[in-house]
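Structure first, commentary second.
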Amino acid sequence: MDDEAGRQGHQPGLERRRFLGAVGAAGAGVAGVAVAGCDSSGHGEHDRTARPSRAARRAVDTERHRTGSTDWRIRSVGPQDAVEGYTDKVSVVPGEEFGLYVSTTAPDFRVSAYRVGWYGGAQARLVWRSGRVPGHRQNPPVMIDATRTVQADWRRTLRVRTEGWPEGAYLLRLDADHGQRYVPLIVRSKEAAGRTLLMHAVATWQAYNTWGGFSLYQGQDGAYGTRSLAVGFDRPYDGNGAVKFLVYERALVVLAERLGIPLAYTTGVDVHRDPAVLRDAAAVISLGHDEYWTPQQRRYVTRARDAGTNVAFLGANTCYRRIRLERGPGGADRTVVCYKTAYHDDPYLADHHDLVTTDFRQQPAPDPESSLTGVFYEGYPTDAPYVVHTPGHWLFAGTGVRRGDSFAHLVGVEYDRVTPGEPTPEPLEIIAHSPLVCNGRHSHADSAYYTVPSGAGVFATGTMRWVEGLMAGTRENGRDHGMDARTAAFVRRTTENLLRAFAAGPCAEHRPKPEDNVAAVYPGASRVRA
């Protein structure tokens, strides 16, 4: 959410055998999708002990033992126009082709595809490299005036087929004479049964992208009032091309792959398009900054939870903005629409209140995120210590923490807290309760854990710096906010506990259930049950 000016239920008794519900009319781009093994209503039998296939397990073991490539990092970004690019798809399945659009001032350039992972500490592996590709400078940006949407309007430079590319998170590095840039790409999984599904927040990456001078936060003059009302994937990302992924997601990918748990990969846009990937997943992981969701994505993740899939929110301000996906020059779902405080101008206001693109908690169809996440977004900016409240919780096993132990700067820059007056699941246990000050107001950030009747566990960190904390003390991305190696060790062990437990299936079946302590932490507050 950051420093924007002018910011202004489910049925808990569903069993695991009842999964995604009727998909047909749920939203644009998913009508008629059939979920394998489901009847026409979308309900199907589910295996509580779903395990990844032997081939999936073998692929994980084979890939994690391959030799990494230490040269994956950008050495010199260079001038903005030195080289930059984008793909015509946010994700592909292995073997699928994508188009790459590149503009450069150099006579030629090269593309290298690096898959992010552990790889013995190298943290990436070179999977494919092009030859020298002729380069030229492409057209300047164009704008759709009605929504101030910037598009690159470039010609495709080359086609790339991903034959032999394993599922995973990729950085395509463009190397030209006077600079380098990344282009992120997810090689997604067709199914995730028995696996931990990493759900990359591509809509949030795009919301903050200022390439061409406009984002969902500001116009070319830097003002909120001149911001885009819709932003498109048909343009490069700003900066080095992959800032949001590198800061808020990469470290978790590296850690999860190091643990060797069976992983699957997708994006929020792909969950919106086809929720079948969620079927029988052991867990779904929302990474460090995952603010922008469609109502369909939220509905499908909630139904997966109610069918027994664990869910983790490793950031803050998650599922805060309600968006709509529309066509762009590259095809379906290439435009992220979010009118925010100008929702009265949203053309859906007249007939589709539940699809109007304002905050989930706001009128005309309020549905606060806390019914899913367990926590409620409260503010920006803050910088505060993370304070342990329930040291005996299984998530903190092996950390050696005691009640009141703190970790400097781990809470920030945005935070969530348990807010009893908003829809809140039960039983919910607050395991960290961190005092802070935000814009002169004293409050708290909370980490919280709850379970549902399906056995699924849900954990929310309540701080946007959690994934960054995995790299604390290393200055891997050039910033660590003052967090140290002790904080990194704590975050790493807690996250390992989480990932291992969630990978084992519905968490309430093999870990202690939460002891609801909301009334003790917030005495006298009235409780609204989700």
Any ring-ring contact (aromatic ring centres under 6.0 Å, His included) pairs touching residues 499-528, not counting sequence neighbours?
-> H433-Y522

Going through the checks in order, is the side chain to side chain donor-acceptor pair (under 3.5 Å) test met by E414 and Y377?
-> CA-CA 8 Å; E414 302 188 66; Y377 173 71; 2.7 Å; yes

ring-ring contact (aromatic ring centres under 6.0 Å, His included) evaluation trace for H444 with Y415 = CA-CA 8 Å; H444 290 82; Y415 72 95; 9.6 Å; no

Kindly write out the residues that satisfy side-chain contact (heavy atoms from CB on, under 4.5 Å) with [X], not counting sequence neighbours, or none if the list is empty.
{"X": "S215", "value": "T210, Y217, Q218"}
{"X": "R511", "value": "W394, A501, C507"}
{"X": "P368", "value": "R361, S370, F376, E422, P423"}
{"X": "A456", "value": "R305, N310, V452, S454"}

So, do F396 and F490 have ring centers that fall under 6.0 Å from each other?
-> yes

Are the ring centres of W293 and F360 closer than 6.0 Å?
-> no

Within the side chain of [X], is there an N or O that forms a donor-acceptor pair under 3.5 Å with the backbone of [Y]?
{"X": "S228", "Y": "V231", "result": "no"}
{"X": "D446", "Y": "A448", "result": "no"}
{"X": "T390", "Y": "I430", "result": "yes"}
{"X": "T382", "Y": "C438", "result": "no"}
{"X": "R298", "Y": "P295", "result": "no"}
{"X": "E426", "Y": "D516", "result": "no"}
{"X": "T451", "Y": "A508", "result": "no"}
{"X": "W72", "Y": "A122", "result": "yes"}
{"X": "N497", "Y": "L395", "result": "yes"}
{"X": "S447", "Y": "T461", "result": "yes"}

Residues [X], [Y]: salt bridge by 4.0 Å N-O rule:
{"X": "R303", "Y": "D306", "value": "no"}
{"X": "R258", "Y": "E496", "value": "yes"}
{"X": "R324", "Y": "D333", "value": "no"}
{"X": "E257", "Y": "R115", "value": "yes"}

Determine the sole option in E249, H200, H289 for which the side-chain hydrogen bond (donor to acceptor under 3.5 Å, both in side chains) test with W205 is passed.
-> E249

Which heavy-atom pair separates [X] from [Y] by the least distance, and what is that distance?
{"X": "T294", "Y": "H272", "answer": "OG1-ND1, 2.9 Å"}
{"X": "A460", "Y": "V375", "answer": "CB-CG2, 3.7 Å"}
{"X": "C319", "Y": "E369", "answer": "O-CB, 3.3 Å"}
{"X": "L428", "Y": "Y450", "answer": "CA-CB, 3.9 Å"}
{"X": "T266", "Y": "R188", "answer": "CA-CB, 4.2 Å"}
{"X": "L216", "Y": "A230", "answer": "CD2-N, 3.9 Å"}

Begin with the C-alpha distance, continue with both residues' side-chain angles, and end with the deciding distance and a verdict on side chain to side chain donor-acceptor pair (under 3.5 Å) for D270 and S91.
-> CA-CA 8 Å; D270 290 297; S91 71; 2.6 Å; yes

Testing K340, R321, R322 for salt bridge (charged side-chain N to carboxylate O under 4.0 Å, His left out) with E291, which one passes?
-> R321

4.5 Å side-chain heavy-atom contact, [X] and [Y]:
{"X": "V458", "Y": "L372", "answer": "no"}
{"X": "Q296", "Y": "V271", "answer": "no"}
{"X": "L197", "Y": "I285", "answer": "no"}

Taken to the nearest 0.5 Å, the spacing of L287 CG from L252 CG works out to 5.0 Å

Any side-chain donor near an acceptor of the partner, W466 and T495, under 3.5 Å | yes

Excluding sequence neighbours, so at least two apart, what forms side-chain hydrogen bond (donor to acceptor under 3.5 Å, both in side chains) with T419?
-> none

Going by the rule ring pair (Phe, Tyr, Trp, His ring centres under 6.0 Å), which residues pair with [X] if we only count those two or more places apart in sequence or in a different chain?
{"X": "Y339", "result": "none"}
{"X": "H353", "result": "none"}
{"X": "Y170", "result": "W165"}
{"X": "H393", "result": "Y449"}

Pairs touching residues 371-388 that satisfy salt bridge (Lys or Arg N to Asp or Glu O under 4.0 Å), sequence neighbours left out = E378-R417, E378-R441, D383-R465

Sequence neighbours excluded - salt bridge (Lys or Arg N to Asp or Glu O under 4.0 Å) pairs with any residue from residues 397-411 | none

